[in-house]
> 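Dropping a structure here in structure tokens format, bear with me for questions.
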Amino acid sequence: MTAEPFRSQLAALEQRGRLRRLSPRAGRDFASNDYLGLAGDPMIAQAVADAVARGVPLGSGGSRLLRGNAPEHEGLEAKAADFFRTQAALFLANGYVANLALFSTLPQRGDLIVADELIHASVHDGIRMSKATAVFARHNDVQSIADLIAAFRAEGGKGRVWIAVETLYSMDGDMASLADLAKLAARHDAMLLLDEAHGTGVFGPGGRGLSAGLDGLHNVVTLHTCGKAMGAEGALICGPRLMIDYLVNRARPFIYSTAPSPLMAVAAAAALDRIEAADNRRDRLATLRQDAAEAICAPLGLPRPRSQIIPVILNEDARTMGTAAALQEAGFDVRGIRPPTVPAGTSRLRVSLSLNVGRNDVLALGDALRSLVK
């Protein structure tokens, strides 16, 4: 087998400024999703250490439907269902696998998935595995979603409609209009699939996310990842028990995957306790957001941030990566984001605020950005 196709494709990526490379953690953290600074939390670590001491194994030994189903998995799912105020929950290895499971399994042949055009890549991949028809609405445009549903019905579509959005968009930092979407879903007897990856822990009472006001509704399924503000790993699909049971029976990414470590289920359960009691951390993060509004957004002519994610759009791939490299050289871990992760022509620096930095770090980054970007 010749290596030439791979070599030439990698060379083309490098020429366009899109070649990806792994790089170590270095500098002040403006890149991670550890928003509440819980990834190294001693209380979560102690919960895992206690579990090891009482004999909880590191490995699960198999899929959940074989011998991999541990009491720690079931305990986490019961706790998550109670915490997120839903009938049931299902624990999976990560958010990517969870979205593959959701979108390849729940929408049926003849159904319609209407997804926001900027929804995460894992949803796009799940949709490719689905038997349902899928269309994409303009970003954060409820009327666009309504129009696509109306067109589906006008063309004779009889199946169920599934509306899919991120509650907080990971590359833009803006939020979905959940109240309007809930009304639209009720009007069309549609299901809402809400990806709370970047909202869980940061927003909502007790960190339950931006969808907290919709918890428990029969037509809402939420995805809460454990590897961002919760500081652990894994993902929780929360929703009506009937749909969770259906996923257990039909979701291939769940059925044919080795179960996550029981120790990670312990960590995620402890993380639920930590985010519930983290109002002070959420307040500190909100204060950092105000610091960033003054030190970064105002000088660069950007709108005030609504979340902990601030995109600095530089448009050109090479300029974006060059600026990111300069920031990293100056001691700031800021990463450049290029297509296909974001639309063509919108390459950007993704500034991620977390409690791993403080006010002085934000002010210093603002100074560096003003110098480099202007």
> If you look at every heavy atom in Val220 and Pro240, which pair is closest and at what distance?
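It is O-CD, 3.6 Å.
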> In Å and rounded to the nearest 0.5 Å, what is the OG to CD distance from Ser144 to Glu117?
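These two atoms lie 7.5 Å from each other.
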> Checking Gln328 against Asp333: is there a side-chain donor and acceptor pair closer than 3.5 Å?
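There is no such pair between these side chains.
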> Between Thr167 and Asp195, is there a side-chain heavy-atom distance shorter than 4.5 Å?
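When only atoms from C-beta onward are counted, Thr167 and Asp195 do not touch, as no gap falls below 4.5 Å.
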> Side chains of Arg304 and Gln290: donor-acceptor distance under 3.5 Å anywhere?
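Side chains of Arg304 and Gln290: pair found under 3.5 Å.
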> Say whether Arg128 and Ser130, considering side chains only, have a donor N or O and an acceptor N or O under 3.5 Å apart.
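No - no donor-acceptor pair under 3.5 Å links their side chains.
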> So, for Gly201 and Arg282, which heavy atoms are closest and what is the spacing to 0.1 Å?
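Taking Gly201 first and Arg282 second, the nearest heavy atoms are O-NH1, 2.8 Å.
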> So do the side chains of Leu210 and Met175 get within less than 4.5 Å of each other, counting heavy atoms only?
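Heavy-atom side-chain distance check passes, below 4.5 Å.
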> A quick test of your reading: do over 12 heavy atoms of other residues, nucleotides or ligands sit less than 6.0 Å from CZ of Arg370?
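Yes, the 6.0 Å shell around CZ holds more than 12 heavy atoms from other groups.
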> Will you find, in the side chains of His124 and Ser122, an N or O donor that is under 3.5 Å from an N or O acceptor?
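Distance-only check fails for His124 and Ser122.
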> Roughly how far, to the nearest 0.5 Å, is OG1 of Thr320 from CZ of Arg335?
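So the gap between those two atoms works out to 15.0 Å.
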> Show, in sequence, the C-alpha distance, side-chain angles and deciding distance for Glu77 and Arg64, and conclude whether the salt bridge (Lys or Arg N to Asp or Glu O under 4.0 Å) test is met.
CA-CA 13 Å; Glu77 289 165 347; Arg64 291 282 299 278; 2.9 Å; yes
> For a 4.5 angstrom cut-off between non-hydrogen side-chain atoms, does Ile44 reach Leu38?
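Yes. Closest side-chain heavy atoms under 4.5 Å.
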> Which heavy atom in Asp34 sits nearest to a heavy atom in Ala39, and how many Å separate them?
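What the structure gives for the nearest pair is OD1-N, 3.1 Å.
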> Report the residues that fulfil ring pair (Phe, Tyr, Trp, His ring centres under 6.0 Å) with Phe254, sequence neighbours left out, ordered by chain and then residue number.
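For Phe254, no residue satisfies ring pair (Phe, Tyr, Trp, His ring centres under 6.0 Å) once neighbours in sequence are set aside.
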> Could you tell me whether the side chain of Lys228 and the main chain of His198 form a donor-acceptor pair under 3.5 Å?
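No; judged by distance alone, with no hydrogens or angles, the pair does not exist.
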> With distance as the sole criterion, is a donor-acceptor pair present between the side chains of His120 and Tyr96 under 3.5 Å?
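No, no side-chain donor-acceptor contact under 3.5 Å.
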> Given the rule in the side-chain contact (heavy atoms from CB on, under 4.5 Å) test, do Cys226 and His224 qualify, once you have shown the distances and angles that lead to the verdict?
CA-CA 7 Å; Cys226 308; His224 302 271; over 6 Å; no
> Could you see if Leu363 belongs to whatever hydrophobic cluster contains Ile310? Use Ile, Leu, Val, Met, Phe, Trp, Tyr and a side-chain cutoff under 4.5 Å.
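Not linked; separate clusters.
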> Please examine the side chains of Asp317 and Pro339, heavy atoms only from C-beta on, and report whether any two atoms are closer than 4.5 Å.
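The answer is yes; the side chains approach within 4.5 Å.
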> Do Met321 and Ile313 sit in the same hydrophobic cluster, where Ile, Leu, Val, Met, Phe, Trp and Tyr count as joined when their side-chain heavy atoms come under 4.5 Å apart?
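Each belongs to a different hydrophobic cluster.
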> Looking only at heavy atoms, which two atoms of Ala137 and Val114 are closest? And how far apart?
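The answer is CB-CG1, 4.2 Å.
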> Could you state the interatomic distance from SG (Cys238) to CE (Met243), rounded to the nearest 0.5 Å?
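Reported to 0.5 Å precision, the distance equals 14.0 Å.
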> Under 3.5 Å, is there a donor-acceptor pair between the side chain of Arg109 and the main chain of Thr133?
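Not at all, since once roles are kept as given, no pair shorter than 3.5 Å links the two residues.
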> Is there a donor-acceptor pair under 3.5 Å between the side chain of Ser60 and the backbone N or O of Ala259?
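It does hold such a pair.
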> With heavy-atom distances below 4.5 Å as the criterion, would you say the side chains of Leu10 and Leu19 are in contact?
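Yes - at least one pair of side-chain heavy atoms lies under 4.5 Å apart.
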> Take Leu263 and Val52 through the side-chain contact (heavy atoms from CB on, under 4.5 Å) test and state the conclusion after the steps.
CA-CA 8 Å; Leu263 291 178; Val52 171; 3.8 Å; yes
> Assess whether side-chain contact (heavy atoms from CB on, under 4.5 Å) is satisfied between Ser354 and Asp29, documenting all intermediate values.
CA-CA 8 Å; Ser354 75; Asp29 178 12; 3.8 Å; yes
> State, yes or no, whether a side-chain contact exists between Gln308 and Leu168 at a heavy-atom distance under 4.5 Å.
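Yes, their side chains come closer than 4.5 Å.
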> Answer whether the closest heavy-atom distance between the side chains of Glu316 and Ser347 falls below 4.5 Å.
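Result no, sub-4.5 Å side-chain heavy-atom pair not found.
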> Pick from Leu355, Ile309, Ile275: which one makes a side chain to side chain contact (heavy atoms under 4.5 Å, CB included) with Tyr35?
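Going through the options one by one, the only one that passes is Ile309.
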> Flag yes if Ile113 and Val165 sit in one hydrophobic cluster, no otherwise; membership is Ile, Leu, Val, Met, Phe, Trp, Tyr, and two members link when side-chain heavy atoms are under 4.5 Å apart.
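The answer is no; the residues belong to distinct hydrophobic clusters.
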> We want to know whether Thr222 and Glu196 form a side-chain donor-acceptor pair, criterion being a heavy-atom distance below 3.5 angstrom.
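No, no side-chain donor-acceptor pair sits under 3.5 Å.
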> Should the pair Phe332 and Phe30 be assigned to parallel (<30°), tilted (30 to 60°) or perpendicular (>60°) ring geometry?
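Taking Phe30 first and then Phe332, their aromatic rings sit tilted (interplane angle of 30° to 60°).
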> Quick check: closest heavy atoms across Ser104 and Pro253, and the distance to 0.1 Å?
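Residues Ser104 and Pro253, closest heavy atoms: OG-CD, 4.1 Å.
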> Does atom CD of Glu329 have more than 12 heavy-atom neighbours, drawn from other residues, nucleotides or ligands, at distances under 6.0 Å?
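For Glu329, atom CD is not crowded (no more than 12 foreign heavy atoms under 6.0 Å).
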> Would Leu100 end up clustered with Ile237 when hydrophobic side chains under 4.5 Å apart are linked, directly or stepwise?
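Different clusters.
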> Where the side chain of Thr346 meets the backbone of Pro343, is there a donor-acceptor pair that is under 3.5 Å apart?
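Yes.
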> Indicate yes or no: at least one non-hydrogen side-chain atom of Thr287 is less than 4.5 angstrom from one of Arg284.
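No; the side chains remain at least 4.5 Å from each other.
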> Taking Thr86's backbone N and O only, do any of them form a donor-acceptor pair with Asp215's side chain (distance below 3.5 Å, no angle check)?
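Checking the backbone N and O of Thr86 against the side chain of Asp215, no donor-acceptor pair under 3.5 Å is found.
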> Mind running side-chain contact (heavy atoms from CB on, under 4.5 Å) on Met191 and Arg160 for me, showing each step along the way?
CA-CA 8 Å; Met191 292 293 301; Arg160 172 173 281 173; 3.6 Å; yes
> Linking Ile, Leu, Val, Met, Phe, Trp and Tyr by side-chain heavy atoms under 4.5 Å, what else ends up with Met171?
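Besides Met171, the cluster holds Ile337, Val342.
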> Would you say that more than 12 heavy atoms from the other residues, nucleotides or ligands in this model lie under 6.0 Å from the CE of Met43, or not?
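Count not over threshold, so no.
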> Roughly how far, to the nearest 0.5 Å, is the CG atom of Asp291 from the SG atom of Cys297?
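Result: 11.0 Å between the selected atoms.
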> What distance do Phe83 atom CZ and Asp273 atom CG have between them, rounded to the nearest 0.5 Å?
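So the CZ of Phe83 and the CG of Asp273 are separated by 8.5 Å.
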> Do other residues, nucleotides or ligands put more than 12 heavy atoms under 6.0 Å from Arg153 CZ?
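Count over threshold, so yes.
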> Donor-acceptor check, side chain of Gln108 to backbone of Leu106, threshold 3.5 angstrom: yes or no?
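Yes.
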> So, taking the atom named CG in Asn249 and the one named CD1 in Ile244, what distance separates them when rounded to the nearest 0.5 Å?
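Here the rounded value is 12.0 Å.
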> Do Leu90 and Leu236 sit in the same hydrophobic cluster, where Ile, Leu, Val, Met, Phe, Trp and Tyr count as joined when their side-chain heavy atoms come under 4.5 Å apart?
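Cluster IDs for Leu90 and Leu236 differ.
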> Is the side chain of His188 donor-acceptor paired with the backbone N or O of Ala185 at a distance under 3.5 Å, no angle test?
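Answer holds: no.
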> Considering non-hydrogen atoms only, spot the tightest contact between Arg289 and Ser307 and give its length.
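Taking Arg289 first and Ser307 second, the nearest heavy atoms are CD-O, 2.9 Å.
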> Any ring pair (Phe, Tyr, Trp, His ring centres under 6.0 Å) involving residues 144-187? Give me the pairs, sequence neighbours left out, ordered by first then second residue.
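Only His139-Tyr169 qualify under ring pair (Phe, Tyr, Trp, His ring centres under 6.0 Å).
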